[in-house]
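Owing to the predicted nature of the structure, the values given are computational and were not obtained by experimental measurement.
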Amino acid sequence: MTETTALPRLDSLIEPARVHSRLYTDRAIFEEEMRRIWHRTWVYIGHESEVPNANDYVTKSIGPTPVLMVRDRQGEIRLLLNKCPHRGNQLCAYKQGNRATFTCPYHSWTFANTGELMGYALPDGYEGVSKTGVGLGKVARIGIYRGFVFGSMAAEGPTLMEHLGGAKAALDQLCDNSPTGEIELTAGFLQHRTKANWKFMLENETDGYHPGFVHASIFQVTKSGIANLYGKESTALTRDYGNGHTEFDLRPEWRRLDTPLKWFGTSEERLPDYTAAMKAAYGDERARQIMIDGSPHTMIFPNLFIAEIQLFVLQPMAVDETIQHVTAVQFKGAPDINRRLRQQTMGSVGPAGLLLADDTEMYERNHRGALIHDPEWLVLSRGLHRERRDENGFRVAHSTDEVPQRGIWRHYLSLMQE
């Protein structure tokens, strides 16, 4: 285990095309990340569809900090800290449920699901004591966009829309693949615990350089043409949206093939109900373009990864431990494609899935390698010579280039130096 040391000058550990291994292994840096990034910026919490009814709740997190996402009796989404203010006990141990109040199991203090203290057990011991100011802690700010719920522990700062910037288009692209314009997260979550620093996952999710090698076996077994997306002739792009948001943009390849639902490995004929619903909702021309472009492959800093058919949520627990929460995307009003979305999710990232197993092996090997002191610096220079700006001013380059990784570290440094 790496010992905690004094926090170094981070600009001495981050250069335009390389970073120091210490950034992944130093406990003091990790603790500072929790303060300066996870407790200051906007963090994805959950989706409105996870609490559809009044008084529904689910347990979530901001980094290691447990959070309750609640829909109160008035229908408002609230984010409460899962900690009794009396003696600090974990207030709610169940992952989800429906209740208007929460009672602490230690001394039976009871709180409304809006956070206010309702009453003490054996109240004679609190005669004359006000309940005001002894409620549950709350996430300072809540922002919701197209059902995606974000929270910020900072009372002031950029708005959610300012934080999302160009990456907001990825949420639009995802939701537009639903005939109702909405997604639902109703398939349940798998949890994968990885002995590696969270930033290895952050960098990997939009890394187009590794799939042709790391996932070569599954591509061969399934006779998939996906490997071609990561080859020399691919027209796909890597993109830096700014604010740490990055993308692996496959749309140029799908548009070149010009075949609806090719992105999902199927056809309109195999999903007639979904195709009909999309055309009824958007019209033939717009529906066809949506079904050609498909779903995005975008990492929204610091913790939400949209992987076309799945959502991953990163939860850093320690400098060398991260939990990935993953679920299948479900398009509201599209049962035929949803069944296949669930099946493909289980096949790729389920308990016997090969894709996530491949990546997890790489994460843990990366972390072990970061503990080796020679060489200390890791190189992120691929494609630097051909990086350019797209029509919207965002940095882009070839699908295998390290544009996303450089963008992540630029934003990381700006946050850590604030």
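- Atom CG of Leu136 sits about 12.5 Å away from atom CG of Leu79, to the nearest 0.5 Å.
- Atom CG of residue Asp401 and atom CZ of residue Arg382 lie 5.5 Å apart, to the nearest 0.5 angstrom.
- Using cut-offs of 30° and 60° for the angle between ring planes, the Phe213 and Tyr209 rings count as perpendicular.
- Side chain of Asp240 to backbone of Gly242: a donor-acceptor contact under 3.5 angstrom is found.
- Ser295 contributes atom OG, which lies 10.0 Å from atom CD of Gln310 (distance to the nearest 0.5 angstrom).
- A donor-acceptor pair under 3.5 Å is formed between the side chain of Asn177 and the backbone N or O of Gly294.
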Could you pull out every donor-acceptor pair under 3.5 Å between side chains of residues 277-286 and any protein atom, sequence neighbours left out?
residue	atom	partner	partner atom	Å
Tyr282	OH	Asp176	O	3.0
Tyr282	OH	Ser178	O	2.8
Arg286	NH2	Asp176	OD2	3.3

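- A side-chain donor-acceptor contact under 3.5 Å links Asn82 to the backbone of Cys92.
- Glu253 and Thr235 share a side-chain donor-acceptor pair at under 3.5 Å.
- Between Glu308 and Val329, the closest heavy-atom pair is O-CG2, 4.3 Å.
- In this structure, Asn197 contributes its side chain and Asp26 its backbone to no donor-acceptor pair below 3.5 Å.
- Under the 3.5 Å distance criterion, with hydrogens and angles disregarded, no donor-acceptor pair is assigned to the side chains of Thr103 and Ser108.
- A salt bridge links Lys138 to Glu116: one of the charged nitrogens lies within less than 4.0 Å of a carboxylate oxygen.
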Checklist line | side chain to side chain contact (heavy atoms under 4.5 Å, CB included) assessment of Tyr126 paired with Lys131 | finding: CA-CA 9 Å; Tyr126 293 100; Lys131 297 184 180 72; over 6 Å; no
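- Contact between Asp359 and Val214 at its shortest, heavy atoms only, is OD1-CG1, 4.2 Å.
- Remark: the backbone N or O of Glu203 is paired with a side-chain donor or acceptor of Gln405 at under 3.5 angstrom.
- Judged purely by distance below 3.5 Å, without hydrogens or angles, the side chains of Thr206 and Glu247 never pair a donor atom with an acceptor atom.
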Check: Between Leu122 and His107, is a side chain to side chain contact (heavy atoms under 4.5 Å, CB included) present by the stated rule, with each step listed?
Finding: CA-CA 9 Å; Leu122 306 179; His107 296 101; over 6 Å; no
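- Judged by distance alone, the side chain of Arg141 and the main-chain N or O of Gly157 form a donor-acceptor pair under 3.5 Å.
- Looking at Ser49, its side chain does come within 3.5 Å of a backbone N or O of Leu185 through a donor-acceptor pair.
- The distance between the ring centers of His411 and Phe301 falls below 6.0 angstrom.
- Geometric assessment of Lys60 against the ring of Phe189 yields a positive cation-pi assignment under the 6.0 Å and 45° thresholds.
- No more than 12 heavy atoms of other residues, nucleotides or ligands shown are found within 6.0 angstrom of CE on Met118.
- Counting heavy-atom neighbours within 6.0 Å of Arg270 CZ, excluding the residue itself, gives a total of 12 or less.
- Within the 3.5 Å criterion, the main-chain N or O of Lys195 finds a donor-acceptor partner in the side chain of Glu364.
- Between Arg36 and Leu415, the shortest heavy-atom distance links the atoms CB-O, 4.0 Å.
- Using bins of under 30°, 30° to 60° and over 60° for the plane-to-plane angle, the ring pair Trp377/His20 lands in the perpendicular bin.
- The six-membered or imidazole ring of Tyr145 lies away from that of Trp42, with a centre-to-centre distance of 6.0 Å or more.
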Note to self: Run Met153 and Val139 through side chain to side chain contact (heavy atoms under 4.5 Å, CB included) and show every step you take.
What the structure shows: CA-CA 5 Å; Met153 300 287 273; Val139 175; 4.0 Å; yes
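- His367 and Asp320 are not linked by any side-chain donor-acceptor pair at a separation below 3.5 angstrom, with hydrogens and angles left out of the test.
- In this model, no donor atom of one side chain and acceptor atom of the other lie less than 3.5 Å apart for Tyr57 and Asn113.
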Checklist line | Phe331/Asn338 under side chain to side chain contact (heavy atoms under 4.5 Å, CB included): CA gap, chis, key distance, verdict | finding: CA-CA 6 Å; Phe331 298 131; Asn338 285 342; 3.9 Å; yes
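- For the atom pair CD (Gln315) and CH2 (Trp38), the distance works out to 8.5 Å, reported to the nearest 0.5 Å.
- Using bins of under 30°, 30° to 60° and over 60° for the plane-to-plane angle, the ring pair Tyr412/Trp409 lands in the perpendicular bin.
- Although no hydrogens or angles enter the test, the distance criterion places a donor-acceptor pair under 3.5 Å between the side chain of His398 and the main chain of Thr400.
- The structure places OG1 of Thr65 at 8.5 Å from CE of Met34, a figure rounded to the nearest 0.5 Å.
- Of all the heavy atoms in His47 and Met69, the pair that sits closest is O-CE, 3.4 Å.
- In this structure, Phe312 has its ring center no closer than 6.0 Å to that of Trp198.
- A pairwise comparison of heavy atoms in Ile45 and Gly151 identifies CG1-N, 3.6 Å as the closest pair.
- The number of heavy atoms from other shown groups lying within 6.0 Å of CZ (Arg73) does not exceed 12.
- The one candidate from Tyr363, Phe30, Phe200 that meets the ring pair (Phe, Tyr, Trp, His ring centres under 6.0 Å) condition with Tyr24 is Phe200.
- Using a 4.0 Å cut-off between charged side-chain N and carboxylate O, Glu321 and Arg193 make a salt bridge.
- Closest of all the heavy-atom pairs between Cys84 and Trp109 is SG-CB, 4.5 Å.
- Taking a 6.0 Å sphere around CZ of Arg9, one finds it holds 12 or fewer heavy atoms contributed by other residues, nucleotides or ligands.
- Side-chain atoms of Ser234 do not come within 3.5 Å of backbone N or O of Tyr230 as any donor-acceptor pair.
- Contacts of Ala167 classified as side chain to side chain contact (heavy atoms under 4.5 Å, CB included), with partners at least two apart in sequence or in another chain: Tyr241, His245, Ile300.
- Here Gln324 contributes atom CD and Leu356 contributes atom CG; the two are 5.5 Å apart, rounded to the nearest 0.5 Å.
- Few gaps surround CZ on Arg99; more than 12 heavy atoms of other groups in view lie less than 6.0 Å from it.
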